[in-house]
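Positions are given from 1, in the same order as the sequence printed here. Whatever order the structure lists them in is the order used to number ligands and atoms, beginning at 1.
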Amino acid sequence: MNAEFWHKRWERNQIGFHQTEINTHLQTYWQALNLPKGASVFVPLCGKSLDMLWLLEQGYRVLGIELSKVAVRDFFTENNLTPTVTTYKTFNRWAMDEIEILCGDFFHLTPTELQTCTAIYDRASLVALPPEMRNDYAQQLATLFPTNTQILLVTFEYSQAEMQGPPFAVHADEVTQLYQQHFTIEQVAHTDILNENPRFQKLGVTQMQESVYLLRKK
Ligand SMILES: C[S@@+](CC[C@H](N)C(=O)[O-])C[C@H]1O[C@@H](n2cnc3c(N)ncnc32)[C@H](O)[C@@H]1O
């Protein structure tokens, strides 16, 4: 899954992962983080997720990172927001009021860009990456953030033999293996979601669950 793959997906509008509603797990479980209003939330691999608007409405600041300029542009245009665009290191920084999206590669981030963020919202980000990149992703998060940083993580579980990712299946044992060295891990939800996802049924998936985890950096 190289950058070209994602750029093509956005250029061709092949973005089945994009949700037109706010994620229900976010609305249900975000309060468990007990994050004070005004705190900054990092949204890795953010696409044009409307969940960022929800976080803003709850009184948080948002910092997203996204590879595709199409995604970042569409996020602002489709929500009638007019950002200021500047160049910063290897990124283009699209910023307006309490939201900032860095257009560029997640793996180029350093702690400097993220020093104000105390929580992370990961929906369809870890599961967007193939197995060989997921360890680097988890290591990068562990390196970038200090003790007590919290993550709300949403993953998909299904038989990888039934469908090629993305989204990839990431089971609980892999979440443990990826994060246990640096984070405490609490699984808070595990629900069947196949009926709500006919596009995966059509691809031959016979069982699919979504899991939600709360992680805290040790
Ligand atoms: C499956 S989508 C999920 C988007 C968003 N989290 C959501 O819930 O709609 C994964 C996104 O990650 C972006 N992406 C993939 N690799 C990236 C990287 N290395 N750095 C930044 N963004 C990346 C892709 O362009 C794509 O928009």
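The nearest non-hydrogen atom to atom 9 (O) of ligand 1, considering only Q19, M133, Q140, R123, comes from R123. Comparing heavy-atom distances from atom 12 (O) of ligand 1 across L45, D136, L126, V154 singles out L45 as nearest. With distances taken over non-hydrogen atoms, the option nearest atom 24 (C) of ligand 1 out of H7, K48, H18, E66 is E66. Around atom 10 (C) of ligand 1, the closest heavy atom drawn from G47, C103, G165, A124 belongs to A124.
For Q187, the side-chain hydrogen bond (donor to acceptor under 3.5 Å, both in side chains) partners at least two apart in sequence or on another chain are S211.
With values rounded to the nearest 0.5 angstrom, H25 atom NE2 is found 9.0 Å from T155 atom OG1. Here the OG1-CZ distance, from T149 to F183, works out to 7.0 Å after rounding to the nearest 0.5 Å.
Between the side chains of Y137 and D122, a donor-acceptor pair is found at a separation under 3.5 Å.
Considering backbone and side-chain N/O of S68, none are found under 3.5 Å from N/O of ligand 1. For L129, no nitrogen or oxygen atom sits less than 3.5 Å from a nitrogen or oxygen atom of ligand 1, counting backbone and side chain alike. Looking at F107 next to ligand 1, no N or O pair under 3.5 Å apart turns up.
Heavy-atom separations between C46 and ligand 1 include at least one value shorter than 4.0 Å. Ligand 1 lies less than 4.0 angstrom from a heavy atom belonging to S125. Judged by the shortest distance from any of its heavy atoms, G104 lies inside the 4.0 Å radius around the atoms of ligand 1.
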Steps toward side chain to side chain contact (heavy atoms under 4.5 Å, CB included) verdict (T184, K218): CA-CA 7 Å; T184 60; K218 293 180 201 169; 4.0 Å; yes

Contacts table for residues 54-69: side-chain donor-acceptor under 3.5 angstrom, sequence neighbours left out:
unit_1	atom_1	unit_2	atom_2	d
Q58	NE2	W54	O	3.4
Y60	OH	L35	O	3.0
R61	NH1	E98	OE1	2.7
E66	OE1	G47	N	2.7
E66	OE2	S68	N	2.8
S68	OG	V70	N	3.1
S68	OG	A71	N	3.1

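Residue D105 has at least one heavy-atom neighbour below 4.0 Å for each of these atoms of ligand 1: 18 (C), 19 (N), 20 (N).
Q150 places a side-chain N or O within donor-acceptor distance of the main-chain N or O of L33, the cut-off being under 3.5 Å.
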